[in-house]
Amino acid sequence: MRSLIDIQELSVQEIDELIAVANDIIAHPEAYREKCKYKKLATLFFEPSTRTRLSFEAAMYELGGQVLGFSEAQSSSASKGESVSDTVRVISGYADIIAMRHPKEGAPLVASLAATVPVINAGDGGHLHPTQTLADLLTISREKGRLDNLTIGVCGDLKFGRTVHSLIAAMARYENVKFALISPAELKLPSYIKKEILQAKGIEYTQTTDLSAAMPDLDILYMTRVQRERFFNEEDYLRLKDSYILTPDKLRNAKADLSIMHPLPRVNEISTAIDADPRACYFRQTLYGKYIRMALILKLLEVA
Ligand code: CP
């Protein structure tokens, strides 16, 4: 039995296989409609979500399975003090696979040690979000036709942005991928990620506060939200929240085939005037999230 807590638990070959299955599901959805008949997915969301929870649920329904779960900690017995370990031990008797989001870093890992069914990390605090990364990789692969030879600008909250942490860990394993790390000084990428991933693998990267200066080199611009829920101090949030707002004029120097991505939800960081630009992929990205989660459920349930 296998869980997915960190994207690095999947080899490059396994990621390529998941992308291939997701592409096949997109091409032949009817062939997958009963693959998970009689299987149940439990979505245990201790933190708010729209895309991740509902795409997991849609994924399981489209595989012919069923879904149970909760969407906030207050409606579960966590509100009475029940531990994550006890919760998943119980849920293991009710479901075949669990997707869990939790505000505390490491909670899904703790859950995976107590559960007797696979546990998928659906986002843990400011740490990791491996299934968002799978959605991102499928998006990049479909938009660009490759996962190598790319310059990726990640912009916004690189400190607490769990989607960025997982994306860098995944993309750093492909050939000739370079990063531009664009953030305010207070929201820089944590040094452990620079040290353990970028420097350890000899990946080329630049660090800047200036999005316009970085723009001309980018093949992908991955915008992120400054996350109010991760700040201890409202004043800091208010000062930093609008550090980057992508507007059509900021794309003047961008490549004609730039792909603009965002894990969403967005607040102000991408103007709605960008939505009609064919380079904006963020709504396609949300749809790819459902297909890659279907592929992941099949893999972890060992359904052929
Ligand atoms: N991208 C993402 O995790 O969105 P939700 O918070 O809506 O699940």
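Note that ligands are numbered from 1 as they come in the structure, with each ligand's atoms numbered from 1 the same way. Every value quoted in this text rests on a predicted model; they were computed, and no experiment measured them.
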*In the protein, what heavy atom is nearest to atom 6 (O) of ligand 1, and what distance, to one decimal place, separates them?*
R101 NH1, 2.9 Å
_Using a 4.0 Å cut-off to any heavy atom of L264, which atoms of ligand 1 qualify?_
1 (N), 2 (C), 4 (O)
*Provide the number and element of each atom of ligand 1 under 4.0 Å from a heavy atom of T52.*
2 (C), 3 (O), 4 (O), 5 (P), 8 (O)
*Are a donor atom and an acceptor atom from the side chains of R293 and T131 found within less than 3.5 Å of each other?*
yes
*T50 neighbourhood, listing ligand 1 atoms whose heavy-atom distance to it stays under 4.0 Å*: 5 (P), 7 (O), 8 (O)
*Could you tell me whether D219 and K255 make a salt bridge, using a distance below 4.0 angstrom between a side-chain N and a carboxylate O?*
yes
_Heavy-atom gap H129 to ligand 1 smaller than 4.0 Å_ = yes
*Give a yes or no on this: more than 12 heavy atoms of other residues, nucleotides or ligands lie within 6.0 Å of atom CD of E234.*
yes
*asked:* Does either side chain, that of Y38 or that of D96, offer a donor lying less than 3.5 Å from an acceptor on the other one?
replied: no
*Any luck finding a side-chain donor-acceptor pair between N176 and D148 under 3.5 Å?*
no
*What atoms of ligand 1 come within less than 4.0 Å of a heavy atom belonging to Q132?*
1 (N), 2 (C)
_For P263, atoms of ligand 1 separated by under 4.0 Å from a heavy atom_ = 1 (N)
*Can you tell which of P265, S49, A135 gets a heavy atom nearest to atom 8 (O) of ligand 1?*
S49
_When you compare the side chains of Y205 and Q199, does any donor N or O come within less than 3.5 Å of an acceptor on the partner?_
yes
*asked:* Pairing donors with acceptors under 3.5 angstrom, does anything connect the side chains of D249 and T247?
replied: yes
*asked:* Could you identify the single nearest non-hydrogen protein atom to atom 4 (O) of ligand 1 and state the distance to 0.1 Å?
replied: R51 NE, 3.0 Å
